There are 2 protein chains.
Amino acid sequence: MAGVSEATVSRVLNNVGPIKEETKQRVREAAERLGYYPSAIAQNFARRRSGNLGVVLPYVPKVHIFSTYYFSEILNGIGEQVRELGYDMLLIFRKPGLDNGYIDLFRSQKVDACILLGTTDTPEERKALKELKDEGYPFCLVNQHFDDEQFPEVDADHEQGAYHAVKHLLEEGHRRIAFLNGPPQYSNSTDRLKGYIRAMTEAGIFKRKNDFTETIPPAWLGTGNYSRTSGYEAASRFFQNRDCIDAVFAANDRMAIGLMQGFRDLGLVPGVDIAIAGYDDSDGARITDPPLTSVSVPFYQMGKAAAKWVLLRASGSTTDAEETGAADPLYQIQMETNLVIRSSSMSNQTSLE
Amino acid sequence: MAGVSEATVSRVLNNVGPIKEETKQRVREAAERLGYYPSAIAQNFARRRSGNLGVVLPYVPKVHIFSTYYFSEILNGIGEQVRELGYDMLLIFRKPGLDNGYIDLFRSQKVDACILLGTTDTPEERKALKELKDEGYPFCLVNQHFDDEQFPEVDADHEQGAYHAVKHLLEEGHRRIAFLNGPPQYSNSTDRLKGYIRAMTEAGIFKRKNDFTETIPPAWLGTGNYSRTSGYEAASRFFQNRDCIDAVFAANDRMAIGLMQGFRDLGLVPGVDIAIAGYDDSDGARITDPPLTSVSVPFYQMGKAAAKWVLLRASGSTTDAEETGAADPLYQIQMETNLVIRSSSMSNQTSLE
DNA sequence: GAATTTTATGTACGCGCGTACATTATCACT
DNA sequence: AGTGATAATGTACGCGCGTACATAAAATTC
């Protein structure tokens with residue numbers, strides 16, 4: 001040692017234990033002069049943690065998922081929190097086939113905690129998640145909810161979001177409102193459907209039968225896959241019933257944009273001949289013509305919250321399932337959404353002014 | 001050991017050295033039964049490498065940069081390559097202040113290699129990069145070029161891209177073509193300016209004076225910051241000279257979209273009263289009205305290529321500057337761009353059909 | 001000023017692998 | 001059978017830190 005001590009250096013650099021101010025100085029100077037940089041790998045090894053927060057992204061062939069506003073925002077939020085807490089962010093693109101669950105990430109110690117994006121409600125997924133939970137690993141889902149399964153998750157209140165959007169359409173005077181939803185394995189989709197039904201039922205358009213079969217005209221329900229193309233294609237299906245549809249509420253902006261393009265190509269002017277509302281309040285909503293009414297979701301905050309919780313949990317409680325016996329409080333956040341009204345949803349009178 | 005051996009296990013799991021087939025089996029079985037998972041941290045430590053490819057993203061306050069098509073695509077490309085080579089991808093959001101260069105990433109061994117996105121041509125940046133280069137660390141820039149500095153970089157031929165776009169506008173019959181560029185610290189911007197000038201000069205609109213001052217009407221040149229808003233604002237400036245402008249070529253789609261919105265708000269219909277062309281061929285180009293003519297850039301491939309090179313370099317040659325004396329061949333790729341013609345750039349006759 | 005506590009530093013070890021080297025088993029060939 | 005080569009496995013050590021424990025120095029107490 002250039003100074004005098006030996007592993008006091010460790011103490012100095014980690015600010016642990018009492019150390020004379022003068023010694024600190026000496027050590028720091030020496031480190032400086034020697035161009036010493038602690039090896040993160042060795043540190044992690046000695047600390048028996050990786051310092052990484054894993055972020056798992058779904059594998060969607062052909063689609064470059066990043067392009068989705070949705071993921072981008074969440075990632076930014078996670079990134080911010082990760083930085084604040086001194087972790088690093090490991091991006092993991094889920095593999096197509098050899099996906100023996102997320103659990104290997106933890107077993108191999110690649111990550112101390114993990115955030116899962118774009119999970120779907122399928123048997124395999126449930127199994128993989130239950131495994132994670134049973135082992136007591138700190139993980140968190142974002143923007144997906146599993147009923148009757150107690151997973152940590154940060155979601156938004158999409159039922160309410162959809163409800164407000166549809167209610168707004170109703171208030172604009174539209175009555176015959178169709179709904180273009182996404183695939184049902186996303187809780188997003190089913191939540192939005194609930195909101196749609198609630199709004200329509202409250203308005204007296206759907207009758208409350210028993211409690212599941214509502215009187216929804218089949219022509220009013222469509223399913224896409226959240227892509228613009230699927231929205232475009234849905235337009236022609238709705239078009240066949242154009243006489244009994246005033247408005248369409250789409251479960252995300254990309255489909256809404258596709259819808260608008262489709263309708264326009266079929267001769268219906270969005271915002272005039274037919275009202276449209278979307279969901280996500282993505283950048284695209286601002287550049288369509290007319291601008292798209294949409295529901296904004298605090299994706300950024302959701303990502304940040306998930307990262308915060310999961311990282312605190314990783315550093316706090318032990319990872320072993322055994323010791324977590326004290327049933328850690330379930331973390332299930334539901335954030336508020338916010339309707340952003342633009343002209344695509346205006347009633348005809350208004351839009352013609 | 002459940003089987004019989006000891007550190008033969010290591011050999012089995014790493015496929016190194018000759019081992020009897022039977023032993024392999026035994027070891028594997030034992031590992032299975034014991035639920036053994038090698039610790040990635042210990043492995044990395046012993047191998048003295050992190051297994052991480054660092055991807056540095058610029059810090060842009062307020063702007064959630066991920067939302068940019070540009071970064072998204074590049075990241076996807078990197079992600080793909082990283083997976084193929086068995087590395088992990090460490091996302092690093094560049095900090096605002098305490099940015100003592102990229103070099104700490106390597107010194108602390110957090111990454112084995114590094115890709116830098118969104119760098120700019122500023123003195124500090126140059127200094128930081130030169131440091132990296134002098135130390136012989138494997139890094140690569142994407143979509144940015146430094147003249148008179150020999151950094152490894154994967155760029156696209158933006159001069160050619162701009163040239164083609166402008167030439168196309170000329171071929172559509174537009175003569176008085178303005179150019180809304182981005183900030184000059186991006187080589188992207190200066191390259192596009194060159195392409196613009198070349199096309200205009202070839203068409204005989206600009207006279208070739210000496211060799212830098214061209215006869216460009218000041219009203220034809222604008223500068224934004226690649227945001228939609230800056231495009232929107234630029235529209236009114238161009239509008240003041242609307243009598244001597246037929247078309248505007250914008251240095252990216254977001255500004256082009258802003259321009260279109262701005263012109264429309266001022267009563268000029270894009271694609272009819274004024275032709276527009278953008279750059280990047282982002283998703284947005286498909287959803288504007290009219291659809292935006294744009295230059296597509298193979299961002300995905302660029303990211304992938306950069307990742308490949310940098311990772312091969314990291315595993316191949318040694319990292320020490322000393323031994324790299326054999327002047328590794330400079331890696332500077334320039335990929336081709338591709339003009340995508342849509343209706344925003346059509347001549348009046350055509351668009352009115 | 002000796003006994004006791006508090007503060008500051010040194011010592012020693014282990015984290016869990018990879019791997020150079022030593023050792024032993026196997027086999028081919030003379 | 002013997003020599004040497006090659007294949008297969010075991011032994012031992014170190015990677016660079018954190019940290020429990022031991023120890024030495026300083027501060028406090030009576």
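The shown structure was predicted, so the numbers you read here are calculated from the model rather than taken from an experiment. Reminder, nothing fancy here: chain letters follow the sequence lines and each chain counts from 1.
- The distance from atom CD1 of I41(B) to atom C1' of dC17(D) is 13 Å, rounded to the nearest whole Å.
- Between the C1' atom of dT6(D) and the CD1 atom of I19(B) lies a distance of 16 Å, rounded to the nearest Å.
- Annotation: of the two residues near DNA chain D, R11(A) and G17(B), the 5′-most nearest-nucleotide partner is G17(B).
- Salt bridge absent: E131(B) and K127(B) never bring a charged side-chain N and a carboxylate O closer than 4.0 Å.
- Protein atom CZ of R49(B) is 20 Å distant from nucleotide atom P of dG16(C), rounded to whole Å.
- Taking only side-chain nitrogens and oxygens, T8(A) never comes nearer than 4.0 Å to OP1 or OP2 of dA8(C).
- Under the 4.0 Å criterion applied to side-chain N and carboxylate O atoms, E84(A) and K304(A) are assigned as salt-bridge partners.
- Atom-to-atom, CG of N14(B) to P of dC17(C) comes out at 10 Å; the value is rounded to the nearest Å.
- Nearest-nucleotide mapping onto DNA chain C: of F45(A) and V16(B), the residue sitting toward the 5' end is F45(A).
- Nearest to the side-chain atoms of S39(A) among the listed nucleotides dG10(D), dC17(D), dC17(C) stands dC17(D).
- Of all nucleotides listed (dG18(D), dT9(C), dG16(C)), dG18(D) comes nearest to the side chain of S10(A).
- For Y36(B), the listed nucleotide lying nearest its side chain is dC17(C); candidates were dC17(C), dC17(D), dT9(C).
- Taking a cutoff of 4.0 Å between a charged side-chain nitrogen and a carboxylate oxygen, D112(B) and R47(B) do not qualify as a salt bridge.
- The phosphate of dC17(D) has neither OP1 nor OP2 within less than 4.0 Å of any side-chain N or O from N44(A).
- Between the C1' atom of dA8(C) and the NZ atom of K24(A) lies a distance of 12 Å, rounded to the nearest Å.
- Among the nucleotides dG18(D), dG18(C), dA8(D), the one closest to the side chain of Q43(B) is dG18(C).
- With respect to R94(A) and E124(A), no salt bridge is recorded, no charged nitrogen being found less than 4.0 Å from a carboxylate O.
- Of the candidate nucleotides dA8(C), dT9(D), dC17(C), dA8(C) has the atom lying nearest to any side-chain atom of P18(A).
- Between the CZ atom of R47(B) and the P atom of dG16(C) there is a distance of 16 Å, rounded to whole Å.
- F299(A) has its ring centre less than 6.0 Å from the ring centre of Y70(A).
- Note: NZ (K20(B)) to C1' (dT24(C)) measures 11 Å, nearest angstrom.
- Nearest-nucleotide mapping onto DNA chain D: of E21(B) and Y37(A), the residue sitting toward the 5' end is E21(B).
- dT19(C) atom P lies 13 Å from atom CG of N15(B), rounded to whole Å.
- Evaluation of atom-type donor-acceptor distances gives no pair under 3.5 Å for the side chain of R48(B) against the base of dG14(D).
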